[in-house]
Every structure is written in structure tokens, then in C-alpha cells.
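FYI, side chains are in, hydrogens and waters are out, and symmetry mates aren't considered; it's all heavy atoms of this structure. The chain is numbered in sequence order, starting from 1.
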Amino acid sequence: MNRLFGTGSKAPKPTLNSAISNIDTRLSSVDVKIASLNAELSSYQTRMSKMREGPGKTALKSKALKVLQRRKQYEAQRDQLQSQVWNMEQAQTMQDNLSGVMTTVDAMKTTQKELKKQYGKVDLERIERMQDEMADLMDVSNEIQETLSRGYEVPDDVDEADLDAELELLGAEMEMEGAGMEAGGVPDFMKDEVPEFIDEPPEAGGKVQEVAR
């Protein structure tokens, strides 16, 4: 069966990196050959500079021309290989960029799915109700604070002029009482006043005697 249909190749498919590596190896080999030809060509030039015109110099010049021709061929080959490497490197860069873009797109898709799942669990109406309830609680709290911060000392509707007049009156009464005490008198609140509903005044001496006993 294998003879009729053959077998599939199990060799790994070439990649840009492997192709670039192979061409770099060839470039290194070409550079070595060019360096060898340059050394040979330099030797011929040195020898010809010391020779006179004649058949020997002409033959050496012919060899130098052949070496120069071979060097130009290798240099052209090197230029082609370098161009190939450049093109493949550009393609590799594009492939890497595209791979990075695809990775980014896949990550964004995954993130989008997760966000949809998470936001799908959020009840916006419930959040709005909570916000409204919090606003109401804040209003109630402010009202309570305002109520507790009210002062109890002086009502807002009390006239300061009336308070000043009453204060002066109290001061005058205290001065009068102080003057009476200095004169040996009895303060008004200690005087015996007979209520109107009593017919006879109390006996002054009787109370003192009973207390003394």
C-alpha cells in the first residue's frame, strides 16, 4: 500500500526562523570565500607591482582578473542572500505583530465574556433603590442633628430690651433691700404680713415665748 499511495512526510514544516538561520549559514560561507579571494587578489597585486611588463606579468594579471570575476559573483550572491534574509525578517516581524494582535483580541474577548457575566448579576434597580434609601436616611439624620443642636437657654422670640429692663429692676430691688438691712430694718420677705382672710393679727409675744420654751 505504501508503494502505491506513498506515506505522508512526518518532517516538520519549515519556519521563517529556520529559513533565516539557513541563509545566515550560507552567508557566512560566502563571506569566507570572498575573504579568501580578497587575500589571493591582494597577493597577485603585490607580485605584479614588483614585476616588469612581460609575459609573466600578463599571465599573473589574467589570473587576478579571474579571481576578481569570481569575487564579484560571490558578492552578487551575498547581496541576493542578504535581500532574502531582509524580506524574511520583515515577514517574521509582521507575523509576530499579527500573533500579538490575535493574542490581544483573544484576551479582550475573554475579558468581555467575564464582564458580561459579572454585570449580568448586578441589579440596577436594586442599586437605585439602595441609593434612594441612603438619601432618605441622610435626610433623616440631618433633621435629627438639627433637632438635637437646638438651644434651650433663651427662646428665639425673647426681646433683649425686656431682659435688660428686668435685670435693672432686680438690681434696684437688691439695692433697696441692702439699704434696709444696713438701717436695721427687716427685709420685706421676713416681715409678718397678715393675710386678708385672718381677722385678728397674731400675738407678737406669744410666738416668741413658745419658741423659747
Side-chain angles (χ1 to χ4, degrees), residues 1-139 141:
M1 296 292 292
N2 292 335
R3 293 179 180 178
L4 294 176
F5 300 101
T7 58
S9 176
K10 296 182 180 180
K13 295 181 179 180
T15 61
L16 285 174
N17 288 330
S18 62
I20 292 173
S21 179
N22 291 333
I23 293 179
D24 285 338
T25 302
R26 293 173 60 187
L27 277 171
S28 298
S29 177
V30 172
D31 288 335
V32 171
K33 292 178 179 179
I34 291 175
S36 177
L37 293 174
N38 286 333
E40 186 178 356
L41 186 61
S42 177
S43 176
Y44 288 154
Q45 289 177 343
T46 302
R47 290 169 61 185
M48 285 189 298
S49 63
K50 298 178 181 181
M51 295 175 64
R52 296 179 180 180
E53 296 294 336
K57 186 176 182 180
T58 302
L60 193 61
K61 183 178 181 181
S62 177
K63 291 181 179 179
L65 291 174
K66 292 180 179 179
V67 171
L68 182 61
Q69 185 177 4
R70 290 174 58 192
R71 191 187 72 173
K72 288 184 175 295
Q73 292 176 352
Y74 281 121
E75 288 177 346
Q77 185 179 359
R78 183 182 61 183
D79 293 339
Q80 291 177 354
L81 293 175
Q82 288 178 344
S83 298
Q84 292 179 16
V85 170
W86 169 254
N87 292 333
M88 285 190 292
E89 287 177 348
Q90 292 298 312
Q92 182 66 45
T93 302
M94 293 176 61
Q95 184 178 1
D96 293 340
N97 292 337
L98 181 59
S99 179
V101 170
M102 295 303 298
T103 302
T104 303
V105 171
D106 291 338
M108 292 178 65
K109 288 181 179 179
T110 304
T111 304
Q112 184 181 13
K113 290 180 181 179
E114 293 297 325
L115 288 175
K116 286 183 177 180
K117 289 181 181 179
Q118 295 297 326
Y119 281 112
K121 300 177 182 179
V122 177
D123 189 353
L124 294 179
E125 294 181 357
R126 183 177 180 183
I127 294 176
E128 291 179 356
R129 290 196 300 269
M130 290 174 59
Q131 289 291 95
D132 294 339
E133 292 176 358
M134 289 297 297
D136 294 338
L137 291 174
M138 290 297 296
D139 293 337
S141 176

(message) Check whether Ser29 reaches the backbone of Thr25 with its side chain - one donor and one acceptor, N or O, closer than 3.5 Å.
(response) no
(message) Working to the nearest 0.5 angstrom, can you tell me the gap between Asn38 CG and Glu40 CD?
(response) 10.0 Å
(request) May I ask you to decide if Asp106's main-chain N or O and Thr110's side chain share a donor-acceptor pair within less than 3.5 Å? (result) yes
(request) First locate atom OG1 of Thr93, then atom CD of Gln90, and finally report the distance between them rounded to the nearest 0.5 Å. (result) 5.5 Å
(request) Starting at CZ of Arg129, measure out to CG of Leu124 and round the result to the nearest 0.5 Å. (result) 11.0 Å
(request) Check whether any side-chain heavy atom of Leu65 sits under 4.5 Å from a side-chain heavy atom of Gln69, and report yes or no. (result) no
(message) Could you report the tightest heavy-atom contact between Leu37 and Tyr74, atom names first, then the distance?
(response) CD1-CD1, 3.5 Å
(request) Answer yes when Arg71 and Glu75 have at least one side-chain N-carboxylate O distance shorter than 4.0 Å, and no when they do not. (result) yes
(request) Please round to the nearest 0.5 Å and tell me the distance separating atom CG of Leu41 and atom OG of Ser36. (result) 11.0 Å
Tell me which donor-acceptor pairs under 3.5 Å the side chains of residues 77-87 have, and how far apart each pair is, sequence neighbours excluded?
residue : atom : partner : partner atom : Å
Ser83   : OG   : Asp79   : O            : 3.0
Asn87   : ND2  : Ser83   : O            : 3.2

(request) Nearest 0.5 Å please: distance from the CD atom of Gln92 over to the CG atom of Asn97. (result) 10.0 Å
(request) Drop me the distance from Arg26's CZ to Ser21's OG, to the nearest 0.5 angstrom. (result) 12.5 Å
(request) For Ser141 and Leu137, indicate whether the former's side chain and the latter's backbone hold a donor-acceptor pair under 3.5 Å. (result) no
